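Below: one structure, written as structure tokens.
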Amino acid sequence: MQVFKVADQAEGGQKAYELLREAINGGAKTFGLATGSTPVTFYENVVNSDLDFSDKTSINLDEYVGLDGANDQSYRYFMNEHLFNFKPFKENFLPNGKASNLDEEVKRYDGVIDAHPIDFQILGIGGNGHIGFNEPGTSFDVTTHVVDLAPETIAANARFFENESDVPRQAISMGIASILKSKQIVLLAFGKAKAEAVKGMLEGPVTTDCPASVLQNHANVTVIADKEAASLIK
Ligand code: PGA
């Protein structure tokens with residue numbers, strides 16, 4: 001894995017944007033997208049650029065079960081606010097958190113990913129090493145699935161909700177096997193809370209205890225970490 005240490009999240013977002021630009025110049029057409037605080041500066045750079053996505057496809061990593069796109073905590077809403085309202089794509093795929101049959105929805109989403117192989121995937125990382133919502137202990141072989149969120153993930157995401165009890169307990173997430181099919185992966189990590197997970201990802205054994213460690217098995221991963229997130233790596 002290639003590692004770029006950057007001063008802060010602003011520089012990290014700029015760097016990720018430059019990699020995206022290169023990928024597009026190289027012919028990338030399908031983009032795996034992430035939500036959360038981490039990719040916000042990346043999206044700012046994209047929105048302020050002259051890049052045109054009208055012939056491009058996006059596929060998001062995950063969505064909360066139970067929230068529809070009009071809910072301001074849904075990931076569909078986040079994506080509209082941070083990217084899609086400013087940069088229209090040919091098509092935007094996210095899991096449907098309000099699907100009445102979650103088994104069918106999971107299958108539908110696997111079909112979406114199979115039909116649109118991802119050229120460039122943006123990832124964040126959880127303090128517990130999760131990627132997407134693939135929590136520690138998740139098999140590396142699973143594709144899209146319904147996840148019970150780990151207590152630490154619920155606690156970490158509570159900052160976006162009025163009460164911790166409002167945080168959905170489940171999500172639909174692309175699986176690790178789906179993520180590994182992406183041609184190129186760019187993982188962003190900012191802040192001290194990510195330092196242990198970044199160390200485990202880069203220097204630890206490949207283990208489901210730290211889901212991001214599986215990225216050691218992928219041929220084209222770039223990690224962009226600020227000083228704090230990189231503080232424990234050699
Ligand atoms: P964050 O989440 O960007 O909100 O820190 C990242 C993640 O959990 O993947």
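Just follow the structure's listing: the first ligand is 1, and inside any ligand the first atom is 1. Basis for what follows: all heavy atoms, side chains included, without hydrogens, waters or symmetry-related copies. Bear in mind the structure is a predicted one, so any value in this text is a computation, not a measurement.
- Interface atoms of ligand 1 facing Gly36, defined by a heavy-atom separation under 4.0 Å, are 3 (O), 4 (O).
- Donor-acceptor pairing under 3.5 Å is recorded for the side chains of Glu135 and Thr153.
- Annotation: atom 1 (P) of ligand 1 to nearest protein heavy atom, Thr38 OG1, 3.5 Å.
- Of the protein's non-hydrogen atoms, Lys194 NZ, 4.1 Å is the one closest to atom 2 (O) of ligand 1.
- Residues Val65 and Leu149 do not share a hydrophobic cluster, clusters being chains of Ile/Leu/Val/Met/Phe/Trp/Tyr side chains in contact below 4.5 Å.
- Under 3.5 Å, the side chains of Arg108 and Thr144 contain no donor-acceptor pair of N or O atoms.
- Under the 3.5 Å distance criterion, the side-chain polar atoms of His145 are matched with a main-chain donor or acceptor of Thr143.
- Near Gly126, meaning under 4.0 Å from any of its heavy atoms, are these atoms of ligand 1: 7 (C), 8 (O), 9 (O).
- Using a non-hydrogen distance threshold of 4.0 Å, Glu152 does not register as a contact of ligand 1.
- Taking the ring axis of Phe53 as reference, the NZ or CZ atom of Lys87 does not stay both within 45° of it and closer than 6.0 Å to the ring centre.
- At least one N or O atom of Ser37, backbone or side chain, sits closer than 3.5 Å to an N or O atom of ligand 1.
- Contact annotation: for Gln9 versus ligand 1, there are no heavy atoms closer than 4.0 Å.
- Protein heavy atom in closest approach to atom 6 (C) of ligand 1: Ile125 O, 3.6 Å.
- Looking at Ser213, its side chain does come within 3.5 Å of a backbone N or O of Thr207 through a donor-acceptor pair.
- More than 12 heavy atoms of other residues, nucleotides or ligands shown are found within 6.0 angstrom of CD on Glu11.
- Scanning all protein heavy atoms for the shortest distance to atom 8 (O) of ligand 1 gives His130 NE2, 2.6 Å.
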